[in-house]
Amino acid sequence: MHDIGTDRAAGASRPRRLYYYNAGFLRQRRVRRIIALAGYDLRLGKPGADDLIAVWGRSPYATRGEAVARATGAGLVRIEDAFLRSLFPGRAGEAPLGLMLDRQGGVHFDASAPSDIEDLLATHPLDDTALLDRARGAMARLQEAHLSKYFAFDPDLPPPDPGYVLVIDQTRGDASVTHGQADANTFREMLYYAQSDNPGARVLIKTHPETEQGFRTGYFGPDDIGERVALVTDPLSPWELFEGAVAVYTVSSQMGFEAMFAGHRPVVFGQPFYAGWGLSDDRNPHPLPRRGRGLTRAQLFAAAMILHPLWYDPCTDRLCDLEQAIAIAEAQAREWREDRHGWAGEGIRLWKRRPFQRFFGRHRPMTFRAKPGDGRRRMVWGSAQDDGGAVRVEDGFLRSRGLGAALIPPLSLVCDDLGIYYDPTRESRLERLIAERAQLRPDQEDRARRLIARLLSDRVNKYNLGGAAPVLPVGHRILVPGQVEDDASIRLGAGGIRTNLALLQAARAANPAAVILYKPHPDVEAGLRDGAIDAGGLADMVLEHTDPLALLDEVNEVWTMTSLLGFEALLRGVPVTVTGAPLYAGWGLTRDRGEIPARRTARPALEGLVHAALIDYPRYLDPVSGLPCPVETAIERLASGEIPQPGPANRALSKLQGLFAGLAPLWR
């Protein structure tokens, strides 16, 4: 069996030579890179007996490498895509997120000979609690995010009425069919039994994504439609289809594998890798004695998705674990699902348009003026006036290294189709997400805890300006962060106390003996926004140009109107008193002195708030690779400072922005 760990270790000093005779390896840069990171030196030439030869699965070109292996005595490595591959099929030009390397010369879909994945399933203990917990968490994440091998489908498309039998088509002549002891007659037999086993039930045939996109034909078509039989050609989520199915029939499709994790016992007519382990109803007339072991769903998943594949992070150009690969796929899927119809941005300032194009224009370019009938969705910035129907966009909570008012592009943006997070006068999408995260799965709780720990250890926050805390007066220290007084979060969510001076007065009145520390807002200190005050007589110390994160390590509590610094304080276990209704107030985590919306009745733990606010709500764009990325990648970039910086003209442009802020036609 292929010991990936051994090859990686060996590759650290001397990569193992791996020869190839298929031009596909030359063309597919991502495939070559994954193989190199796994510790192999992919090259052309004549191998020796101690070398290895790479072939792609059972492709027609694999025979070249097989012949050279027989002639030279070199070992054979068969390479195939992993089971979470890409947004679109490879024939559309999409690179894979992972590969499976088989050192036995077998391949997972060929039941005629053993393979590495079969050996794992047959011989590995698969009894480690942590491993199986990871498997259960990953299964749930794939289902929640509607991810499959290819994931360019729309979870919002209405599924068929429930109660049907789901029959899964495949591409005609695919190696997983021909090497899985099946042919066209097998598909006819499957359709016959799907109807006879389930008298009176509707039968829905799900076409393959490559068939839907016109790359290859399937085994079923319009001629198979009948009174009880219909084709499903829309890009529906497999998980939605599993939900409404009373039974699932397959020959060897990966959807049969996924159906297991949706609670089905699929009826299988071929010999895919997942058949024969007690989790499927196997109808193939040639049982495999090598597969006599009974497995749980978590064990099957752990071997096939965690232990066997090589997963790749295209943002950081590293091998990664399955969880990171899922996070990358989630980001890619979200981008396509939200952006594929295009966006028309309204009220987007000139300097923001280029970053917005990078964020939202990959699948269809953005426009910045709505044109009726072009199919694009509308978006507006923040709390701008809108006649209804537009999605509101704002900076995310992990934004940049530098100020937005200084025209530093963001790494994260939030899109809200209900309201916007800083406007408590109406429900926002974030509020719904926070309420939904009042209960977390173990894997979600673990991810949120790791995220919090990373934020604290790397000292990452919204703007990441840096700096040390000065020597502070002794006593019960209360940090009062100043805000931009004309900011929308103050106008809409501050309540009765809506100026920095009024906040200081309230904090002093409630805490006459405390040490009050006033921290002006960075935008105000930079002269870019309004909110400067004379804090003398109320504050014991004014902390200008000081890193707020350094202060949180030195204070006993925080008083704020709506500042995001209150959220940062919660992450660090610092008690927070709020006089307004910021996103993090009203959930039982703060002392609330303002008017909190009555709808905030859920009581999430801090991890639930973090999951909603930093994982579910924002979108992140990696500034190095230019790809959509998960929050963990954004934190890594912010912590390392590996972020392209704007040119010196930005400062002058930011001043002009302030000078002409009232001239809307110039900047919109």
Side-chain angles (χ1 to χ4, degrees), residues 24 27-31 56-60 80-99 109 142 145-160 166-178 180 184 187 191 204-225 229-242 248 250-259 272 314 325 328-342 361-365 375-376 627-628:
R27 293 191 302 268
Q28 298 185 52
R29 181 178 179 184
R30 173 81 61 83
V31 170
W56 190 265
R58 291 287 187 184
S59 76
E80 265 288 343
D81 293 325
F83 299 131
L84 178 66
R85 189 195 186 280
S86 54
L87 191 62
F88 299 105
R91 283 178 170 79
E94 289 277 305
L97 280 175
L99 297 176
F109 55 74
L142 291 174
H146 295 271
L147 297 176
S148 184
K149 183 174 183 177
Y150 312 117
F151 40 88
F153 40 74
D154 186 355
D156 293 330
L157 286 176
L166 183 63
V167 171
I168 304 169
D169 196 9
Q170 294 175 245
T171 55
R172 188 171 289 272
D174 188 77
S176 69
V177 175
T178 59
F187 283 82
L191 183 58
L204 300 184
I205 301 174
K206 177 64 179 75
T207 57
H208 191 276
E210 289 190 359
T211 303
E212 295 168 7
Q213 297 172 31
F215 293 116
R216 292 198 286 178
T217 60
Y219 287 93
F220 298 115
D223 292 343
D224 297 292
I225 296 175
V229 179
L231 290 177
V232 177
T233 58
D234 293 331
L236 289 165
S237 165
W239 303 99
E240 294 283 3
L241 291 172
F242 295 147
V248 176
T250 183
V251 172
S252 58
S253 170
Q254 185 182 313
M255 278 186 67
F257 174 59
E258 294 163 348
I328 293 162
E330 288 169 339
Q332 292 178 352
R334 180 176 180 181
E335 179 191 61
W336 180 82
R337 291 166 188 174
E338 293 183 358
D339 300 349
R340 70 187 188 281
H341 296 305
R362 184 188 311 275
H363 296 286
R364 187 183 182 189
R376 286 180 169 85
L627 298 172

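- Using modelled atom types, no side-chain atom of D169 and backbone atom of G218 make a donor-acceptor pair closer than 3.5 Å.
- When the side-chain hydrogen bond (donor to acceptor under 3.5 Å, both in side chains) test is applied to R337, no partner is found at least two apart in sequence or on another chain.
- Residues F187 and V177 have side chains in contact (heavy-atom distance under 4.5 Å, counting atoms from C-beta outward).
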For this session: List the steps and the verdict of side-chain contact (heavy atoms from CB on, under 4.5 Å) for V167 and L204.
Result: CA-CA 6 Å; V167 171; L204 300 184; over 6 Å; no

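- Here L142 contributes atom CG and E330 contributes atom CD; the two are 8.0 Å apart, rounded to the nearest 0.5 Å.
- Separating the CG atom in L87 from the CH2 atom in W336 is a distance of 6.5 Å, to the nearest 0.5 Å.
- There is no side-chain donor-acceptor pair under 3.5 Å between S148 and Q254.
- Using cut-offs of 30° and 60° on the angle between ring planes, the pair F257 and F83 is tilted.
- Here L236 contributes atom CG and D154 contributes atom CG; the two are 8.5 Å apart, rounded to the nearest 0.5 Å.
- The backbone N or O of S176 sits less than 3.5 Å from a side-chain atom of D174, completing a donor-acceptor pair.
- Between atom CD of residue E335 and atom CZ of residue R362 there is a gap of 4.5 Å, rounded to the nearest 0.5 Å.
- The two residues E212 and P235 make their nearest non-hydrogen contact at OE1-CA, 4.3 Å.
- Between R85 and E80 there is no salt bridge, since none of the side-chain N atoms of the basic residue sits less than 4.0 Å from a carboxylate O of the acidic one.
- Applying the side-chain hydrogen bond (donor to acceptor under 3.5 Å, both in side chains) test to E240 and every residue at least two apart in sequence or in another chain returns nothing.
- For P160 against L241, the heavy-atom pair with the smallest separation is CD-CD2, 3.9 Å.
- In this structure, A175 and R58 approach most closely via the heavy-atom pair CB-CB, 4.4 Å.
- Summarising the geometry of I225 relative to L231, their closest heavy-atom pair is CG1-CG, 4.0 Å, with the distance given to 0.1 Å.
- Not one N or O on the side chain of S253 forms a donor-acceptor pair closer than 3.5 Å with the backbone of T250.
- Annotation: the span from T211 atom OG1 to F220 atom CZ amounts to 11.5 Å, rounded to 0.5 Å.
- Take S86 and apply the side-chain hydrogen bond (donor to acceptor under 3.5 Å, both in side chains) test, not counting sequence neighbours, and it matches no residue.
- Legend: residues meeting side-chain hydrogen bond (donor to acceptor under 3.5 Å, both in side chains) with Q332, ordered by chain and number and at least two apart, are absent.
- Between T178 and G173, the shortest heavy-atom contact is CG2-O, 3.9 Å.
- Legend: residues meeting side-chain contact (heavy atoms from CB on, under 4.5 Å) with E210, ordered by chain and number and at least two apart, are P89, R91, Y150, T171, H208, F215, R216.
- The shortest non-hydrogen separation linking T233 to T207 is CA-OG1, 3.6 Å.
- Residues F153 and P238 form a side-chain contact, since some pair of their non-hydrogen atoms from C-beta on lies under 4.5 Å apart.
- The closest donor-acceptor contact from the side chain of R364 to the backbone of H341 lies under 3.5 Å.
- Atom-to-atom distance recorded for Q170:CD and T217:OG1 is 12.5 Å, nearest 0.5 angstrom.
- Every residue two or more places apart in sequence or in another chain that forms a side-chain contact (heavy atoms from CB on, under 4.5 Å) with A329 is listed here: L84, L97, L147, F151.
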